[in-house]
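A, B, ... follow the sequence lines: proteins, then strands. Residue 1 opens every chain.
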Protein chains: 2
Amino acid sequence: MKSTKYNVPVEATLEVIGGKWKVVILCLLKEGDKRFSELQRAMPVVTKKMLSQQLRELEKDGIINRTVYDEIPPKVEYSLTEEGESLREILNLMCAWGDKRLGNDPDCSGT
Amino acid sequence: MKSTKYNVPVEATLEVIGGKWKVVILCLLKEGDKRFSELQRAMPVVTKKMLSQQLRELEKDGIINRTVYDEIPPKVEYSLTEEGESLREILNLMCAWGDKRLGNDPDCSGT
DNA sequence: CAGAATCCTATTCGATACTG
DNA sequence: CAGTATCGAATAGGATTCTG
């Protein structure tokens with residue numbers, strides 16, 4: 001079955017991780033689970049609206065898990081699903097490529 | 001030197017290949033040099049304007065070469081530069097990931 | 001063939017305010 | 001803390017026309 005939706009198969013990949021901030025989010029999550037506020041701090045130029053939008057889409061597409069802890073104050077943690085883990089190699093390479101282009105050590109944490 | 005432009009280094013990668021159709025173009029070019037019209041045929045939903053815009057940006061960023069043959073009718077060929085070649089592994093993985101998600105054989109040619 | 005230029009609409013996105 | 005809702009400005013992107 002060739003999908004009629006895409007002309008080039010890689011479009012299926014882009015539909016999932018092509019969002020403006022999705023790869024950045026995933027690169028952060030591949031280093032470990034993160035709370036909403038942690039992601040915000042790591043990406044100060046991204047508004048809450050944008051961030052939650054991208055997170056919701058990633059969740060819908062089965063790439064990340066959203067875990068709500070029933071506490072006060074609220075706590076929500078995001079993590080990679082298995083499907084998300086299957087992107088790890090791609091994410092690592094993309095991070096390394098960016099580092100190299102910036103002339104940095106191959107460290108993608110951004111911290 | 002930590003770049004002040006990005007908070008997470010992978011953003012440098014996205015600045016180069018994050019454009020809406022850039023990865024698709026690169027996935028086509030990694031299979032061999034292509035003329036403008038060949039790219040158009042391979043991506044029918046993309047307008048000429050969009051296509052040439054993305055091509056120009058990729059050229060400006062040193063990812064692809066634009067070779068003009070002085071013929072009538074005009075002929076222009078696009079190919080990966082060495083910098084573009086350094087993306088090959090990422091492109092291959094992204095293609096394979098999309099194929100897998102579509103349930104296809106790992107063939108990214110789209111033909 | 002391989003675009004560039006123009007016009008115009010649809011979508012994105014930021015700023016701000018509000019909620020459980 | 002972790003969001004949602006609303007509104008307006010900016011931008012992206014399609015359709016069309018023109019050119020060497």
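The NZ-C1' distance, from B/K34 to C/dA2, rounds to 17 Å in whole Å. Atom P of nucleotide C/dC13 and atom NZ of B/K20 are separated by 11 Å, given to the nearest angstrom. Rounded to whole Å, atom C1' of D/dC1 lies 14 Å from atom CG of A/L55. In this structure, CD of B/Q53 is placed 12 Å from C1' of D/dG14, rounded to the nearest angstrom. The CD atom of A/Q40 sits 9 Å away from the P atom of D/dG3 (whole-angstrom rounding). If you take CD1 of A/I64 and P of D/dA2, they are 14 Å apart, rounded to a whole angstrom. Look at CE on A/M50: it is 15 Å from C1' on D/dA5, rounded to the nearest Å. In this structure, B/Y69 places its OH atom 18 Å from C1' of C/dG3, rounding to the nearest Å.
Residue contacts for B/P74: at a heavy-atom cut-off of 4.0 Å it reaches a base atom on one of the strands shown. Counting any heavy atom pair closer than 4.0 Å across all strands shown, A/K48 reaches a base atom. Contacts of B/Y78 with the nucleic acid, taken as non-hydrogen atoms under 4.0 Å apart, involve only primed sugar atoms and P, OP1 or OP2.
Contact check, A/R35 against D/dA2: a side-chain N or O comes under 4.0 Å of OP1 or OP2. Look at B/R66 and you won't find any side-chain N or O under 4.0 angstrom from OP1 or OP2 of C/dA2. The side chain of A/S52 contributes no N or O atom lying less than 4.0 Å from OP1 or OP2 of D/dG3. For D/dG13, neither phosphate oxygen OP1 nor OP2 lies less than 4.0 angstrom from any side-chain nitrogen or oxygen of B/T47.
The side-chain heavy atoms of B/L28 and B/M43, taken from C-beta on, include a pair separated by under 4.5 Å. Inter-residue side-chain proximity for B/V45 and B/W21 is flagged as met; some heavy-atom pair is nearer than 4.5 Å.
Taking the side chain of B/K49 as heavy atoms from C-beta on, and the options D/dG13, C/dC13, C/dA2, the nearest nucleotide is D/dG13. The side chain of B/R56 has C/dA4 as its nearest neighbour among D/dT6, D/dA2, C/dA4.
Electrostatic pairing of A/K5 and A/E15 counts as a salt bridge here, judged by a charged N lying under 4.0 Å from a carboxylate O. Taking 4.0 Å as the cut-off between side-chain N and carboxylate O, A/E85 and A/R88 count as a salt-bridged pair.
A/N65 and A/L80 make their closest contact through OD1-O, 3.7 Å (heavy atoms, listed as atom of the first residue, atom of the second, distance).
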